[in-house]
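So that the names make sense, note that chain A is the first sequence line, chain B the second, and so on, each numbered from 1. What you see below is based on every heavy atom in this structure, not just the backbone, and it leaves out hydrogens, waters and symmetry mates.
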Number of protein chains: 2
Amino acid sequence: MTRQRGFAEDEALLKIMRLFWAKGYEATSVADLCEVTGLGRGSLYAAFGSKQEVYERSLRHYVDVVNRHLRDQLSRQVPVRQAVRDLLLERVDDSLTERDRPGCLLVGAIVERAAHDPMAARIAQDAINATRSAFASALHSARAAGQIPYESDVESIAAFLTRMVQGLRVMSISLPDRKLLASVVDAALEALPA
Amino acid sequence: MTRQRGFAEDEALLKIMRLFWAKGYEATSVADLCEVTGLGRGSLYAAFGSKQEVYERSLRHYVDVVNRHLRDQLSRQVPVRQAVRDLLLERVDDSLTERDRPGCLLVGAIVERAAHDPMAARIAQDAINATRSAFASALHSARAAGQIPYESDVESIAAFLTRMVQGLRVMSISLPDRKLLASVVDAALEALPA
DNA sequence: ATCTTGGTGGACCGATCGGTCAACAAAGCC
DNA sequence: GGCTTTGTTGACCGATCGGTCCACCAAGAT
(Lines give C-alpha, C1' and ligand atoms only; values in the text may rest on other atoms or scores of the structure.)
Protein backbone atom coordinates (compact mmCIF):
# COMPACT_ATOMS: atom_id res chain seq x y z
CA MET A 1 0.00 0.00 0.00
CA THR A 2 2.62 2.50 1.01
CA ARG A 3 6.23 3.05 1.86
CA GLN A 4 7.37 1.76 5.25
CA ARG A 5 9.51 3.33 7.94
CA GLY A 6 13.25 3.10 7.47
CA PHE A 7 14.03 3.27 11.18
CA ALA A 8 12.93 1.81 14.51
CA GLU A 9 11.02 4.34 16.53
CA ASP A 10 12.08 2.78 19.84
CA GLU A 11 15.76 2.99 19.07
CA ALA A 12 15.45 6.56 17.90
CA LEU A 13 13.58 7.53 21.06
CA LEU A 14 16.24 5.88 23.19
CA LYS A 15 18.99 7.87 21.50
CA ILE A 16 16.99 11.07 21.88
CA MET A 17 16.33 10.35 25.54
CA ARG A 18 20.01 9.83 26.20
CA LEU A 19 20.83 13.10 24.49
CA PHE A 20 18.28 15.09 26.50
CA TRP A 21 19.61 13.36 29.57
CA ALA A 22 23.19 14.33 28.79
CA LYS A 23 22.60 17.90 27.59
CA GLY A 24 19.30 19.06 29.04
CA TYR A 25 16.30 20.39 27.16
CA GLU A 26 17.31 23.86 26.05
CA ALA A 27 20.88 22.99 25.19
CA THR A 28 19.71 20.22 22.86
CA SER A 29 18.69 21.52 19.43
CA VAL A 30 16.46 19.83 16.91
CA ALA A 31 19.53 19.61 14.69
CA ASP A 32 21.19 17.58 17.47
CA LEU A 33 18.21 15.24 17.54
CA CYS A 34 18.49 14.74 13.77
CA GLU A 35 22.19 14.05 14.03
CA VAL A 36 21.92 11.50 16.84
CA THR A 37 19.07 9.63 15.18
CA GLY A 38 20.27 10.01 11.59
CA LEU A 39 16.83 11.29 10.61
CA GLY A 40 15.83 14.31 8.58
CA ARG A 41 13.68 16.95 10.21
CA GLY A 42 10.56 15.83 8.39
CA SER A 43 10.81 12.24 9.61
CA LEU A 44 11.53 13.37 13.10
CA TYR A 45 8.54 15.70 13.26
CA ALA A 46 6.29 13.12 11.60
CA ALA A 47 7.23 10.46 14.12
CA PHE A 48 7.52 12.46 17.32
CA GLY A 49 5.97 15.89 16.87
CA SER A 50 7.55 18.99 18.34
CA LYS A 51 10.71 19.17 20.42
CA GLN A 52 8.59 19.60 23.51
CA GLU A 53 6.51 16.54 22.71
CA VAL A 54 9.50 14.31 22.06
CA TYR A 55 11.04 15.55 25.29
CA GLU A 56 7.93 14.63 27.24
CA ARG A 57 7.94 11.24 25.62
CA SER A 58 11.60 10.75 26.51
CA LEU A 59 10.85 11.71 30.08
CA ARG A 60 7.93 9.30 30.24
CA HIS A 61 10.13 6.51 28.94
CA TYR A 62 12.84 7.35 31.44
CA VAL A 63 10.59 7.31 34.48
CA ASP A 64 8.86 4.14 33.27
CA VAL A 65 12.15 2.28 33.05
CA VAL A 66 13.45 3.60 36.35
CA ASN A 67 10.26 2.85 38.25
CA ARG A 68 9.84 -0.58 36.72
CA HIS A 69 13.38 -1.42 37.79
CA LEU A 70 12.68 -0.08 41.25
CA ARG A 71 9.59 -2.23 41.69
CA ASP A 72 11.49 -5.28 40.46
CA GLN A 73 14.25 -4.73 42.97
CA LEU A 74 11.86 -4.16 45.84
CA SER A 75 9.83 -7.25 45.09
CA ARG A 76 12.79 -9.59 45.48
CA GLN A 77 12.59 -11.98 48.40
CA VAL A 78 15.21 -10.31 50.54
CA PRO A 79 14.92 -8.19 53.69
CA VAL A 80 13.74 -4.71 52.75
CA ARG A 81 16.77 -3.10 54.30
CA GLN A 82 19.09 -5.06 52.06
CA ALA A 83 16.93 -4.48 49.01
CA VAL A 84 17.03 -0.73 49.58
CA ARG A 85 20.74 -0.80 50.23
CA ASP A 86 21.46 -2.74 47.05
CA LEU A 87 19.25 -0.42 45.09
CA LEU A 88 20.94 2.75 46.33
CA LEU A 89 24.41 1.32 45.85
CA GLU A 90 23.52 0.24 42.35
CA ARG A 91 22.54 3.79 41.56
CA VAL A 92 25.84 5.03 42.90
CA ASP A 93 27.64 2.60 40.63
CA ASP A 94 25.56 3.59 37.62
CA SER A 95 26.30 7.27 38.16
CA LEU A 96 30.01 6.66 38.44
CA THR A 97 30.05 4.45 35.37
CA GLU A 98 27.97 6.55 33.00
CA ARG A 99 30.11 9.66 33.35
CA ASP A 100 28.96 10.90 29.96
CA ARG A 101 25.36 11.01 31.13
CA PRO A 102 25.59 12.59 34.54
CA GLY A 103 22.63 13.71 36.57
CA CYS A 104 19.15 12.46 36.21
CA LEU A 105 16.66 13.26 33.49
CA LEU A 106 13.90 13.48 36.07
CA VAL A 107 15.69 15.98 38.28
CA GLY A 108 16.61 17.92 35.16
CA ALA A 109 12.96 17.97 34.13
CA ILE A 110 11.94 19.30 37.52
CA VAL A 111 14.47 22.08 37.77
CA GLU A 112 14.68 23.05 34.09
CA ARG A 113 11.26 22.30 32.62
CA ALA A 114 8.57 22.07 35.27
CA ALA A 115 7.99 25.81 35.33
CA HIS A 116 7.65 26.06 31.53
CA ASP A 117 6.00 22.77 30.65
CA PRO A 118 3.00 21.69 32.74
CA MET A 119 2.94 18.27 31.09
CA ALA A 120 6.56 17.64 32.04
CA ALA A 121 5.74 18.80 35.56
CA ARG A 122 2.87 16.36 35.64
CA ILE A 123 4.96 13.46 34.39
CA ALA A 124 7.62 14.24 37.00
CA GLN A 125 5.10 14.46 39.81
CA ASP A 126 3.47 11.19 38.80
CA ALA A 127 6.87 9.54 38.65
CA ILE A 128 7.75 10.71 42.13
CA ASN A 129 4.46 9.49 43.51
CA ALA A 130 4.97 6.14 41.80
CA THR A 131 8.41 5.81 43.38
CA ARG A 132 7.01 6.79 46.72
CA SER A 133 4.18 4.31 46.59
CA ALA A 134 6.55 1.55 45.48
CA PHE A 135 8.67 2.19 48.56
CA ALA A 136 5.60 2.53 50.75
CA SER A 137 4.11 -0.79 49.70
CA ALA A 138 7.45 -2.56 50.16
CA LEU A 139 7.73 -1.02 53.63
CA HIS A 140 4.19 -2.00 54.49
CA SER A 141 4.93 -5.58 53.59
CA ALA A 142 8.15 -5.49 55.56
CA ARG A 143 6.34 -4.10 58.57
CA ALA A 144 3.68 -6.78 58.32
CA ALA A 145 6.48 -9.35 58.19
CA GLY A 146 8.05 -7.88 61.31
CA GLN A 147 11.21 -6.69 59.53
CA ILE A 148 10.71 -3.16 60.79
CA PRO A 149 8.95 -2.00 63.96
CA TYR A 150 5.21 -1.72 64.05
CA GLU A 151 5.43 2.01 64.94
CA SER A 152 7.47 2.91 61.85
CA ASP A 153 6.10 5.84 59.91
CA VAL A 154 6.04 4.10 56.54
CA GLU A 155 4.88 7.04 54.45
CA SER A 156 7.56 9.38 55.75
CA ILE A 157 10.30 6.86 55.26
CA ALA A 158 9.05 6.17 51.76
CA ALA A 159 9.18 9.90 50.93
CA PHE A 160 12.63 10.08 52.43
CA LEU A 161 13.93 7.17 50.38
CA THR A 162 12.41 8.71 47.27
CA ARG A 163 14.47 11.79 47.90
CA MET A 164 17.58 9.69 48.36
CA VAL A 165 17.20 7.67 45.21
CA GLN A 166 16.45 10.79 43.20
CA GLY A 167 19.31 12.87 44.45
CA LEU A 168 22.16 10.38 44.52
CA ARG A 169 22.93 10.86 40.84
CA VAL A 170 23.06 14.60 41.20
CA MET A 171 25.37 14.35 44.16
CA SER A 172 27.71 11.97 42.40
CA ILE A 173 28.44 14.57 39.73
CA SER A 174 30.24 16.85 42.14
CA LEU A 175 31.34 14.15 44.54
CA PRO A 176 32.45 11.19 42.45
CA ASP A 177 33.83 9.23 45.36
CA ARG A 178 32.48 5.70 45.64
CA LYS A 179 33.55 5.10 49.22
CA LEU A 180 32.06 8.32 50.49
CA LEU A 181 28.84 7.82 48.50
CA ALA A 182 28.55 4.30 49.87
CA SER A 183 28.91 5.62 53.40
CA VAL A 184 26.22 8.20 52.63
CA VAL A 185 23.96 5.33 51.67
CA ASP A 186 24.70 3.64 54.96
CA ALA A 187 24.05 6.85 56.86
CA ALA A 188 20.72 7.13 55.06
CA LEU A 189 19.82 3.58 55.99
CA GLU A 190 19.82 4.65 59.62
CA ALA A 191 16.45 6.20 58.81
CA LEU A 192 15.19 2.67 58.22
CA PRO A 193 14.57 1.37 61.73
CA ALA A 194 15.77 -2.17 62.36
CA MET B 1 36.03 63.37 36.36
CA THR B 2 33.41 61.24 34.72
CA ARG B 3 29.81 60.14 34.74
CA GLN B 4 28.86 57.80 37.54
CA ARG B 5 26.81 54.65 37.52
CA GLY B 6 23.08 55.10 37.52
CA PHE B 7 22.40 51.77 39.20
CA ALA B 8 23.61 49.68 42.09
CA GLU B 9 25.59 46.68 40.87
CA ASP B 10 24.59 44.58 43.89
CA GLU B 11 20.89 45.08 43.37
CA ALA B 12 21.16 44.32 39.68
CA LEU B 13 23.10 41.14 40.38
CA LEU B 14 20.51 40.08 42.92
CA LYS B 15 17.70 40.51 40.39
CA ILE B 16 19.69 38.62 37.78
CA MET B 17 20.44 35.82 40.21
CA ARG B 18 16.77 35.45 41.04
CA LEU B 19 15.89 35.29 37.37
CA PHE B 20 18.47 32.60 36.61
CA TRP B 21 17.22 30.78 39.66
CA ALA B 22 13.62 30.93 38.49
CA LYS B 23 14.15 30.19 34.80
CA GLY B 24 17.46 28.38 34.47
CA TYR B 25 20.43 29.39 32.33
CA GLU B 26 19.38 28.60 28.79
CA ALA B 27 15.80 29.74 29.15
CA THR B 28 16.95 33.16 30.37
CA SER B 29 17.90 35.49 27.52
CA VAL B 30 20.10 38.56 27.69
CA ALA B 31 16.97 40.54 26.82
CA ASP B 32 15.39 39.13 29.98
CA LEU B 33 18.37 40.27 32.01
CA CYS B 34 18.02 43.78 30.56
CA GLU B 35 14.34 43.85 31.35
CA VAL B 36 14.67 42.70 34.94
CA THR B 37 17.48 45.11 35.71
CA GLY B 38 16.20 47.98 33.59
CA LEU B 39 19.63 48.25 31.98
CA GLY B 40 20.57 48.55 28.34
CA ARG B 41 22.74 45.88 26.81
CA GLY B 42 25.77 48.15 26.85
CA SER B 43 25.58 48.80 30.59
CA LEU B 44 24.94 45.17 31.31
CA TYR B 45 27.91 43.90 29.32
CA ALA B 46 30.15 46.67 30.70
CA ALA B 47 29.27 45.78 34.29
CA PHE B 48 29.04 42.00 34.14
CA GLY B 49 30.57 40.70 30.92
CA SER B 50 29.00 37.84 29.00
CA LYS B 51 25.89 35.92 29.94
CA GLN B 52 28.07 33.05 31.07
CA GLU B 53 30.17 35.31 33.29
CA VAL B 54 27.17 36.95 34.95
CA TYR B 55 25.68 33.51 35.52
CA GLU B 56 28.83 32.32 37.23
CA ARG B 57 28.83 35.44 39.35
CA SER B 58 25.18 34.86 40.28
CA LEU B 59 25.98 31.30 41.24
CA ARG B 60 28.92 32.41 43.35
CA HIS B 61 26.73 34.91 45.14
CA TYR B 62 24.05 32.29 45.73
CA VAL B 63 26.37 29.73 47.26
CA ASP B 64 28.09 32.38 49.35
CA VAL B 65 24.82 33.48 50.90
CA VAL B 66 23.58 29.94 51.44
CA ASN B 67 26.80 28.72 53.01
CA ARG B 68 27.23 31.77 55.19
CA HIS B 69 23.71 31.26 56.50
CA LEU B 70 24.46 27.60 57.08
CA ARG B 71 27.56 28.33 59.12
CA ASP B 72 25.68 30.92 61.17
CA GLN B 73 22.95 28.45 61.96
CA LEU B 74 25.38 25.71 62.91
CA SER B 75 27.43 27.93 65.18
CA ARG B 76 24.49 28.73 67.45
CA GLN B 77 24.80 27.42 70.96
CA VAL B 78 22.16 24.71 70.65
CA PRO B 79 22.49 20.92 70.40
CA VAL B 80 23.61 20.00 66.91
CA ARG B 81 20.60 17.82 66.33
CA GLN B 82 18.25 20.71 66.93
CA ALA B 83 20.37 23.09 64.87
CA VAL B 84 20.27 20.70 61.93
CA ARG B 85 16.56 20.14 62.35
CA ASP B 86 15.79 23.87 62.43
CA LEU B 87 17.97 24.41 59.42
CA LEU B 88 16.26 21.73 57.34
CA LEU B 89 12.78 22.84 58.38
CA GLU B 90 13.63 26.41 57.52
CA ARG B 91 14.57 25.32 54.05
CA VAL B 92 11.29 23.49 53.70
CA ASP B 93 9.47 26.67 54.66
CA ASP B 94 11.49 28.77 52.26
CA SER B 95 10.73 26.44 49.38
CA LEU B 96 7.04 26.48 50.10
CA THR B 97 6.96 30.24 50.46
CA GLU B 98 8.99 31.23 47.42
CA ARG B 99 6.83 29.34 44.95
CA ASP B 100 7.91 31.64 42.13
CA ARG B 101 11.50 30.57 42.57
CA PRO B 102 11.31 26.83 42.90
CA GLY B 103 14.29 24.55 42.94
CA CYS B 104 17.79 25.52 43.78
CA LEU B 105 20.22 27.50 41.69
CA LEU B 106 23.04 25.20 42.76
CA VAL B 107 21.26 22.01 41.72
CA GLY B 108 20.28 23.72 38.47
CA ALA B 109 23.91 24.63 37.87
CA ILE B 110 24.99 21.05 38.42
CA VAL B 111 22.45 19.41 36.17
CA GLU B 112 22.17 22.08 33.48
CA ARG B 113 25.55 23.80 33.35
CA ALA B 114 28.29 21.64 34.85
CA ALA B 115 28.85 19.72 31.63
CA HIS B 116 29.13 22.87 29.49
CA ASP B 117 30.78 25.31 31.86
CA PRO B 118 33.81 24.08 33.82
CA MET B 119 33.86 27.23 35.95
CA ALA B 120 30.26 26.68 37.03
CA ALA B 121 31.14 23.07 37.79
CA ARG B 122 34.04 24.26 39.89
CA ILE B 123 31.93 26.77 41.81
CA ALA B 124 29.34 24.10 42.49
CA GLN B 125 31.90 21.59 43.67
CA ASP B 126 33.54 24.13 45.96
CA ALA B 127 30.14 25.04 47.37
CA ILE B 128 29.32 21.44 48.12
CA ASN B 129 32.63 20.90 49.83
CA ALA B 130 32.11 24.06 51.86
CA THR B 131 28.70 22.84 52.99
CA ARG B 132 30.15 19.47 53.79
CA SER B 133 33.01 20.85 55.86
CA ALA B 134 30.64 23.18 57.72
CA PHE B 135 28.57 20.18 58.75
CA ALA B 136 31.66 18.15 59.51
CA SER B 137 33.16 20.74 61.83
CA ALA B 138 29.85 21.21 63.63
CA LEU B 139 29.60 17.45 64.07
CA HIS B 140 33.17 17.22 65.28
CA SER B 141 32.45 19.79 67.96
CA ALA B 142 29.25 18.03 68.89
CA ARG B 143 31.11 14.75 69.19
CA ALA B 144 33.79 16.33 71.35
CA ALA B 145 30.99 17.72 73.54
CA GLY B 146 29.47 14.29 73.86
CA GLN B 147 26.28 15.19 71.99
CA ILE B 148 26.76 12.32 69.55
CA PRO B 149 28.56 9.01 70.12
CA TYR B 150 32.31 8.83 69.85
CA GLU B 151 32.08 6.20 67.10
CA SER B 152 29.96 8.37 64.80
CA ASP B 153 31.28 8.59 61.24
CA VAL B 154 31.29 12.36 61.07
CA GLU B 155 32.41 12.70 57.46
CA SER B 156 29.73 10.37 56.14
CA ILE B 157 26.99 12.04 58.11
CA ALA B 158 28.20 15.43 56.92
CA ALA B 159 28.03 14.27 53.31
CA PHE B 160 24.59 12.84 53.92
CA LEU B 161 23.29 16.07 55.43
CA THR B 162 24.75 17.99 52.51
CA ARG B 163 22.65 15.85 50.21
CA MET B 164 19.59 16.49 52.29
CA VAL B 165 19.94 20.23 52.43
CA GLN B 166 20.65 20.40 48.71
CA GLY B 167 17.77 18.28 47.59
CA LEU B 168 14.95 19.44 49.83
CA ARG B 169 14.11 22.37 47.59
CA VAL B 170 13.95 20.17 44.52
CA MET B 171 11.70 17.72 46.26
CA SER B 172 9.33 20.41 47.46
CA ILE B 173 8.52 21.38 43.88
CA SER B 174 6.75 18.13 43.17
CA LEU B 175 5.73 17.42 46.74
CA PRO B 176 4.60 20.71 48.24
CA ASP B 177 3.30 19.18 51.44
CA ARG B 178 4.69 20.74 54.58
CA LYS B 179 3.68 17.96 56.94
CA LEU B 180 5.16 15.25 54.76
CA LEU B 181 8.33 17.24 54.14
CA ALA B 182 8.69 17.84 57.88
CA SER B 183 8.38 14.13 58.51
CA VAL B 184 11.02 13.51 55.85
CA VAL B 185 13.30 15.80 57.81
CA ASP B 186 12.62 13.78 60.94
CA ALA B 187 13.26 10.56 59.10
CA ALA B 188 16.56 11.99 57.91
CA LEU B 189 17.51 12.98 61.43
CA GLU B 190 17.56 9.31 62.34
CA ALA B 191 20.89 9.27 60.55
CA LEU B 192 22.19 11.55 63.29
CA PRO B 193 22.90 9.19 66.19
CA ALA B 194 21.73 10.43 69.56
C1' DA C 1 31.86 77.04 28.25
C1' DT C 2 34.55 73.36 26.66
C1' DC C 3 36.99 69.09 27.01
C1' DT C 4 37.57 64.51 28.65
C1' DT C 5 35.98 60.35 30.49
C1' DG C 6 33.12 56.76 30.93
C1' DG C 7 28.09 55.22 31.59
C1' DT C 8 23.81 54.42 28.69
C1' DG C 9 20.48 52.82 25.31
C1' DG C 10 19.31 50.57 21.39
C1' DA C 11 20.11 49.68 16.50
C1' DC C 12 22.37 46.22 14.45
C1' DC C 13 25.17 41.84 13.41
C1' DG C 14 25.72 36.94 11.96
C1' DA C 15 24.39 32.62 13.81
C1' DT C 16 21.23 29.61 15.27
C1' DC C 17 16.78 28.48 16.88
C1' DG C 18 12.23 25.48 16.23
C1' DG C 19 9.25 24.42 12.71
C1' DT C 20 7.26 24.07 7.75
C1' DC C 21 6.96 22.55 3.19
C1' DA C 22 7.55 20.92 -1.41
C1' DA C 23 10.03 17.88 -4.29
C1' DC C 24 11.28 13.25 -4.41
C1' DA C 25 11.54 8.07 -3.24
C1' DA C 26 9.77 3.59 -2.12
C1' DA C 27 6.13 0.14 -1.95
C1' DG C 28 1.57 -1.96 -2.74
C1' DC C 29 -2.44 -1.70 -5.93
C1' DC C 30 -4.53 -1.61 -10.52
C1' DG D 1 3.51 0.95 -16.78
C1' DG D 2 0.85 4.45 -13.90
C1' DC D 3 -1.60 5.78 -9.38
C1' DT D 4 -1.88 6.47 -4.57
C1' DT D 5 -0.01 6.81 -0.23
C1' DT D 6 3.31 7.67 2.97
C1' DG D 7 8.29 8.21 4.45
C1' DT D 8 12.36 11.09 3.61
C1' DT D 9 15.21 14.89 2.82
C1' DG D 10 16.96 19.41 3.08
C1' DA D 11 16.10 24.05 1.62
C1' DC D 12 13.83 27.54 3.66
C1' DC D 13 11.08 30.61 7.03
C1' DG D 14 10.53 34.23 10.60
C1' DA D 15 11.97 34.73 15.23
C1' DT D 16 15.20 35.01 18.50
C1' DC D 17 19.70 34.24 20.22
C1' DG D 18 24.26 36.35 22.40
C1' DG D 19 27.23 39.94 21.49
C1' DT D 20 29.10 44.44 19.34
C1' DC D 21 29.21 49.13 18.42
C1' DC D 22 28.29 53.83 18.27
C1' DA D 23 25.84 58.06 18.92
C1' DC D 24 24.53 60.30 22.95
C1' DC D 25 24.72 61.98 27.63
C1' DA D 26 26.16 63.25 32.49
C1' DA D 27 29.55 65.14 35.45
C1' DG D 28 34.09 66.63 37.11
C1' DA D 29 38.33 69.32 35.52
C1' DT D 30 39.96 73.29 33.41
In whole angstrom, give the distance that lies between atom [atom1] of [X] and atom [atom2] of [N].
| X | N | atom1 | atom2 | result |
| --- | --- | --- | --- | --- |
| A:L39 | C:dT20 | CG | P | 17 Å |
| B:L44 | D:dC21 | CG | C1' | 15 Å |
| B:Q4 | D:dA27 | CD | C1' | 7 Å |
| A:E35 | C:dC17 | CD | P | 11 Å |
| B:R41 | D:dT16 | CZ | P | 13 Å |
| A:Y45 | D:dC13 | OH | P | 17 Å |
| B:L33 | D:dT16 | CG | C1' | 15 Å |
| A:E26 | C:dG18 | CD | C1' | 11 Å |

Could you pull out the closest heavy-atom pair between A:A134 and A:L74, with the gap in Å?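 Scanning both residues, the minimum pair turns out to be O-CD1, 3.7 Å.
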Could you tell me whether B:G6 contacts a base, only the sugar-phosphate backbone, or nothing, with contacts defined as non-hydrogen atoms closer than 4.0 Å? sugar-phosphate
Quick one: sort the B:F48 and B:F7 rings into parallel, tilted or perpendicular, breaks at 30° and 60°. tilted
Any side-chain N or O of A:S43 under 4.0 Å from OP1/OP2 of D:dG7?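 Answer is no, no contact under 4.0 Å.
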Treating B:E112 as the side-chain partner and B:E26 as the backbone partner, does any N or O pair qualify as donor plus acceptor under 3.5 Å? yes
Give a yes or no answer on whether the side chain of A:H61 reaches the backbone of A:R57 with a donor-acceptor pair at less than 3.5 Å.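 Side chain of A:H61 to backbone of A:R57: no pair is present.
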Which listed nucleotide (C:dG6, D:dG18, C:dG19) is nearest to the side chain of B:R3? C:dG6
Out of D:dG18, C:dT20, C:dC17, which has the shortest distance to the side chain of A:S29?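 Of D:dG18, C:dT20, C:dC17, C:dC17 is nearest to the side chain of A:S29.
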Where each residue is assigned the nucleotide of DNA chain C containing its nearest heavy atom, which of A:K51 and B:R5 is assigned the position nearer the 5′ end?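 The 5'-side residue here is B:R5.
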